[in-house]
Amino acid sequence: MKFIEQNIEGIYLIEPEPYEDHRGMLRRNFCQDEFKNSGLMSDIKQSNVSENKKKDTLRGFHYQVSPFGENKLISCMKGGIYDVVVDLRKESVTYLQWQSFYITEENRLSLYVSIGCANAYLTLEDCTWILYYHSEFYVPGNELSVRYNDPLFKFEWPSEPKVISNKDLNIPDYTPK
């Protein structure tokens with residue numbers, strides 16, 4: 001696995017080093033030793049699969065707050081997503097900055113998101129499946145959100161989101177504290 005650090009500290013694109021032969025391909029999606037040696041989460045507490053029926057489905061921005069902050073590893077198993085990560089760590093030099101990534105079944109990249117950053121994604125195809133690994137359990141009441149079109153951030157999306165939950169539509173404007 002190759003860990004490629006991004007502009008926002010603690011955000012990595014992870015490129016697999018697959019083994020391929022006449023049967024197909026095998027690639028490692030997570031290795032506790034490799035992640036630990038790279039200084040990234042090595043303890044997974046929860047794994048989720050998000051199955052999205054329609055292109056232009058938007059999910060996020062969500063993140064958990066202390067003491068339940070979580071690192072996430074995001075992989076696209078089917079279809080593709082445009083994922084945006086925003087840095088919400090007040091002590092960070094990239095506080096309130098965001099970066100975007102294309103994660104698809106074809107490029108086989110994974111995205112590592114550190115504690116204190118929130119991510120959202122827009123599906124690029126019908127029938128898109130996302131696999132998440134989390135370093136912490138989901139704890140209701142400890143999640144915060146940022147709206148996908150919050151004017152403070154001026155997020156850019158490759159197309160207009162069409163399928164959005166009421167929860168994600170009705171998040172108030174973000175106010176830096």
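Along the sequence shown, residues are numbered consecutively beginning with 1.
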How long is the gap from [atom1] on [X] to [atom2] on [Y], to the nearest 0.5 Å?
| X | Y | atom1 | atom2 | result |
| --- | --- | --- | --- | --- |
| Arg108 | Met77 | CZ | CE | 10.0 Å |
| Lys78 | Cys127 | NZ | SG | 3.5 Å |
| Cys31 | Ile14 | SG | CD1 | 11.5 Å |

For the residue pair [X] and [Y], what are the closest heavy atoms and their distance?
| X | Y | value |
| --- | --- | --- |
| Leu88 | Ala118 | CD1-CB, 3.9 Å |
| Phe153 | Trp98 | O-NE1, 3.0 Å |
| Leu109 | Ile103 | O-CG2, 3.2 Å |

Problem - Check against side chain to side chain contact (heavy atoms under 4.5 Å, CB included), Ile44 and Ser135 - result: CA-CA 5 Å; Ile44 294 173; Ser135 65; over 6 Å; no

Problem - Over 12 foreign heavy atoms within 6.0 Å of NZ, Lys54 - result: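 No.
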
Does a side-chain heavy-atom distance below 4.5 Å link [X] with [Y]?
| X | Y | value |
| --- | --- | --- |
| Asp173 | Arg147 | yes |
| Pro18 | Leu26 | no |
| Phe155 | Ser100 | no |
| Glu143 | Tyr138 | yes |
| Cys76 | Trp129 | no |
| Ile81 | Ile130 | yes |
| Val146 | Ile171 | no |

Linking I/L/V/M/F/W/Y whenever their side-chain heavy atoms sit closer than 4.5 Å, directly or via other members, would [X] and [Y] fall into one cluster?
| X | Y | result |
| --- | --- | --- |
| Tyr133 | Phe101 | no |
| Phe30 | Tyr132 | no |
| Leu152 | Val84 | yes |
| Ile164 | Tyr174 | yes |
| Leu13 | Val85 | yes |

Summary of side-chain hydrogen bond (donor to acceptor under 3.5 Å, both in side chains) pairs that have at least one residue in [range], sequence neighbours excluded:
| range | value |
| --- | --- |
| residues 3-18 | Gln6-Gln99 |
| residues 150-161 | Asp56-Ser159 |
| residues 31-43 | Arg28-Glu34 |

In a table with atom names and distances, give each donor-acceptor pair under 3.5 Å that connects a side chain of residues 59-75 to protein atoms at least two apart or in another chain.
from  : atom 1 : to     : atom 2 : distance (Å)
Arg59 : NE     : Ser50  : OG     : 3.2
Arg59 : NE     : Asn52  : OD1    : 2.5
Arg59 : NH2    : Asn52  : OD1    : 3.2
His62 : NE2    : Asp168 : OD1    : 2.7
Gln64 : OE1    : Val139 : N      : 2.8
Gln64 : NE2    : Phe68  : O      : 2.7
Gln64 : NE2    : Phe137 : O      : 3.1
Glu70 : OE1    : His134 : ND1    : 2.9
Asn71 : OD1    : Tyr112 : OH     : 3.4
Asn71 : OD1    : Ile115 : N      : 3.1
Lys72 : NZ     : His62  : O      : 3.1
Lys72 : NZ     : Asn119 : OD1    : 3.0
Ser75 : OG     : Asn29  : OD1    : 3.1
Ser75 : OG     : Ser110 : OG     : 2.6

Exercise for the section: Apply the test salt bridge (Lys or Arg N to Asp or Glu O under 4.0 Å) to residues Lys53 and Asp126: give CA-CA distance (whole Å), side-chain angles for both, the deciding distance (0.1 Å), then the verdict. Expected result: CA-CA 5 Å; Lys53 295 178 184 177; Asp126 288 345; over 6 Å; no

[X] side chain to [Y] backbone, donor-acceptor under 3.5 Å:
| X | Y | result |
| --- | --- | --- |
| Ser114 | Gly10 | yes |
| Thr123 | Thr57 | yes |
| Asn107 | Tyr102 | yes |
| Asn170 | Lys167 | no |

Practice task
Test Phe35 against Phe3 for ring pair (Phe, Tyr, Trp, His ring centres under 6.0 Å), laying out the working first.
Solution key: CA-CA 9 Å; Phe35 273 70; Phe3 297 86; 5.1 Å; yes

Fill in the blank from the handout: By side chain to side chain donor-acceptor pair (under 3.5 Å), Arg89 pairs with (sequence neighbours left out) Asp87

Handout entry: Partner residues of Arg27 under the side chain to side chain donor-acceptor pair (under 3.5 Å) criterion, sequence neighbours left out
Key = none

Handout entry: CA sep, side-chain torsions, deciding dist, call: Leu111, Val113, side chain to side chain contact (heavy atoms under 4.5 Å, CB included)
Key = CA-CA 6 Å; Leu111 180 63; Val113 179; 4.0 Å; yes

